[in-house]
Amino acid sequence: MSQGQTNYKDTLNLPQTSFDMKANLVTREPAIQARWDAENLYAQIRRARQGAPRFILHDGPPYANGPLHMGTALNKVLKDIVIRIKTMTGFDAPFIPGYDCHGLPIEQKVVDELGPQARTMSATDIRQRCAAVAEKFIGIQTDQFRRLAVMGEFDSPYVTMRPPYEAAVLEVFARLVEQGVVYKQLRPVHWSIENRTALAEAELEYRDRTDPSITVALALEESCTAAVPHRQGEEVYLLVWTTTPWTLPANLAVAVHPEYAYAAVRAETADGPATVIVAEERLKAVVAAIRQARPNWLKRHKVLGRLTGADLVAAKLTYRHPIFEGKTCPVVPAEYVTLADGTGLVHTAPGHGLEDYGTGLKYGLAIYCPVREDGTFDESVPPWLAGRSVWQANAEIVAHLRQLGTLVAEETVKHSYPHDWRSKTPTIFRATEQWFVSVDRPMVRGGRSLRDLAMEVCRRPVEGGGVEFIPAWGRNRLAGMLETRPDW
């Protein structure tokens, strides 16, 4: 700097610090955390807050099935921020981390690692392998959480596969059994063919899928056709629509809405005349779909008369099963039938749908499910179908209906369909024996249901000892969920 020029550094009032110019975090962070461990900093904080008001944050545990990912890391860091703020504002805020060691994520990881070998191993051997994997990743995740400077009782976490935790779960379950709310029942559930397990709604993701969309004519028994306007000597059919042809072997009824108007329509087709029953409001759309799928097949049609769904039920109509020769099934009422699509008559398979299941229970239909856990049909179906997968069966059933002359229309439809979020494969609804905890059954002691008790606690104001919701709209959201919660 030349003489007479100002040295601007001398004009700045900068603080003096011993901090290094370079952060060097890769070296310094482990040293800082080692010092915290040596000083037992977490225990010092706990002692300093003894007797203060308690703040408890319950840790929803991560699966112990791999190293941390961004979501898991962010979750724990946010919890750590909350705990530190509460501690610094005067609360005693302990944090007990947890690890979830049960369930499909760990099983799938083990099965993926084993490959074909998994098919030859016993369930016990696979469970032991799962436990070893979980134990391994508990250690890995603990180290990684500590490297993120998360503070908590990592030396004594709660681990779902350890005996004290499992004993506590069994005690709660035993109390539910004593209260009479635990039951076992054959019931349709979302089923992953790939992983051969039932799935909860939260374990599904919806993806577009293309499936066959078919309209099928189910022939009424001649003995009950007198209740329907038609020409003497001509067949009368119920017209149903489905995007899951593979469920037709399990068909046990056709559901109609008791208040809807249904039209008896005489159709002149290339195969001859017949009368079909379809919801009056859906007639125009059904005719358009048939003509698009089969140009020149439907020549003319004429409405011969109208009936309500209640009339159809009162007439005790029965029809011939589309797959099983010699089997007949009834027409039943159902309030869930809609006019949004289809024909207004719903093919009902109690073993393959929740609404169908409810109808089956109400009207004494069998909960028939001919599909095994691997997605193939068992020996209760006709030989030409036994052993086929449900996806193979779609084409074979369509071909069978075409041969019988009852396939009215066929096209493909792209629709949102549930998939297993882990294997990314499509799921099916399949009736299996499951254990359930009833939310509506009155308990032995007190006579009230779990739903009633949960709703009461949810609605109780804070002043009356209730729960404070932040934000406040969370109360209505949880109440809405509890009101519609199915059995667990």
Side-chain angles (χ1 to χ4, degrees), residues 214-242 248 250-269 271-287 289-290 298-339 341-350 355-356 358-366 368 401 404-409:
I214 61 173
T215 304
V216 184
L218 305 176
L220 286 183
E221 286 284 279
E222 189 175 346
S223 59
C224 61
T225 58
V228 181
H230 72 290
R231 289 197 181 180
Q232 194 67 29
E234 293 181 0
E235 289 267 26
V236 181
Y237 295 91
L238 304 172
L239 221 55
V240 300
W241 170 81
T242 181
L248 284 172
N251 172 270
L252 293 179
V254 165
V256 297
H257 196 293
E259 297 177 7
Y260 289 168
Y262 289 85
V265 183
R266 186 173 187 269
E268 294 182 31
T269 74
D271 297 326
T275 296
V276 297
I277 299 173
V278 62
E280 187 172 25
E281 192 173 317
R282 292 295 303 166
L283 177 58
K284 185 176 180 180
V286 169
V287 168
I290 292 172
L298 178 61
K299 301 181 183 304
R300 285 174 294 277
H301 68 281
K302 178 183 178 181
V303 176
L304 300 179
R306 293 172 176 81
L307 308 92
T308 65
D311 293 333
L312 297 174
V313 174
K316 299 187 184 318
L317 301 182
T318 56
Y319 62 90
R320 297 195 287 274
H321 197 279
I323 304 296
F324 291 95
E325 189 175 349
K327 182 176 182 178
T328 60
C329 302
V331 174
V332 296
E335 299 285 342
Y336 55 77
V337 176
T338 74
L339 299 174
D341 49 26
T343 64
L345 297 95
V346 176
H347 142 60
T348 300
E355 289 175 330
D356 304 42
T359 297
L361 291 183
K362 189 172 183 179
Y363 297 105
L365 306 175
Y368 173 53
L401 297 172
L404 290 179
T406 58
L407 182 67
V408 175

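- Between K302 and E268 there is no salt bridge, since no side-chain nitrogen of the basic residue lies less than 4.0 Å from a carboxylate oxygen of the acidic one.
- Without hydrogens or angle criteria, D356 side chain to A349 main chain gives a donor-acceptor distance under 3.5 Å.
- Listed by first and then second residue, the ring-ring contact (aromatic ring centres under 6.0 Å, His included) pairs that reach into residues 304-323 are H321-F324, sequence neighbours excluded.
- Going from atom CZ of R266 over to atom NE2 of H301 covers 13.0 Å, rounded to the nearest 0.5 Å.
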Show, in sequence, the C-alpha distance, side-chain angles and deciding distance for I277 and L239, and conclude whether the side-chain contact (heavy atoms from CB on, under 4.5 Å) test is met. CA-CA 6 Å; I277 299 173; L239 221 55; over 6 Å; no

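- Using a distance-only test at 3.5 Å, with no hydrogens or angles considered, a donor-acceptor pair links the side chain of Y260 to the main chain of V337.
- Judged purely by distance below 3.5 Å, without hydrogens or angles, the side chains of Y336 and T359 pair a donor atom with an acceptor atom.
- Contact detail for A217 and Y237: the closest heavy-atom pair is CB-CD2, 3.6 Å.
- The distance from atom CG of L307 to atom CG of L312, rounded to the nearest 0.5 Å, is 5.5 Å.
- Across every non-hydrogen atom of L304 and P229, the tightest pair is CD1-O, 3.9 Å.
- Of the possible polar contacts, one joining the T348 side chain to the V346 backbone as a donor-acceptor pair under 3.5 Å is found.
- In this structure a side-chain-to-backbone donor-acceptor pair under 3.5 Å is missing from N251 to L248.
- Annotation: the span from L220 atom CG to H230 atom NE2 amounts to 9.0 Å, rounded to 0.5 Å.
- Across V216 and I214, no two heavy atoms sit closer than the pair CG2-CD1, 3.6 Å.
- When each of V332, V331, T343 is checked for a side chain to side chain contact (heavy atoms under 4.5 Å, CB included) with V256, only V331 meets the rule.
- Between L365 and L252 the shortest heavy-atom distance is CD2-O, 4.1 Å.
- Between atom CD of residue E325 and atom CG of residue L404 there is a gap of 9.0 Å, rounded to the nearest 0.5 Å.
- No more than 12 heavy atoms of other residues, nucleotides or ligands lie within 6.0 Å of CD in E281, so this atom counts as exposed by the packing criterion.
- Nearest heavy-atom pair across T328 and E221 is CG2-CD, 3.6 Å.
- Other residues, nucleotides and ligands contribute at most 12 non-hydrogen atoms within 6.0 Å of the NZ atom of K316.
- Take Y368 and apply the ring pair (Phe, Tyr, Trp, His ring centres under 6.0 Å) test, not counting sequence neighbours, and it matches no residue.
- Going from atom OG1 of T318 over to atom CG of L238 covers 9.5 Å, rounded to the nearest 0.5 Å.
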Could you give me the CA-CA distance, side-chain angles and deciding distance for R320 and E222, then say whether salt bridge (charged side-chain N to carboxylate O under 4.0 Å, His left out) is met? CA-CA 10 Å; R320 297 195 287 274; E222 189 175 346; over 6 Å; no

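- T308 places none of its side-chain heavy atoms less than 4.5 Å from the side chain of P258.
- Side-chain contact check for T215 versus V240: every heavy-atom pair is 4.5 Å or farther apart.
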One pair to check against side-chain contact (heavy atoms from CB on, under 4.5 Å): V265 and T275. What are the steps and the verdict? CA-CA 5 Å; V265 183; T275 296; 5.9 Å; no

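- Counting heavy atoms from C-beta outward, P330 and L317 have side chains that stay 4.5 Å or more apart.
- Between R282 and G344, the shortest heavy-atom distance links the atoms CG-N, 4.3 Å.
- A donor-acceptor pair under 3.5 Å links the side-chain atoms of Y262 to the main chain of H257, judged by distance alone.
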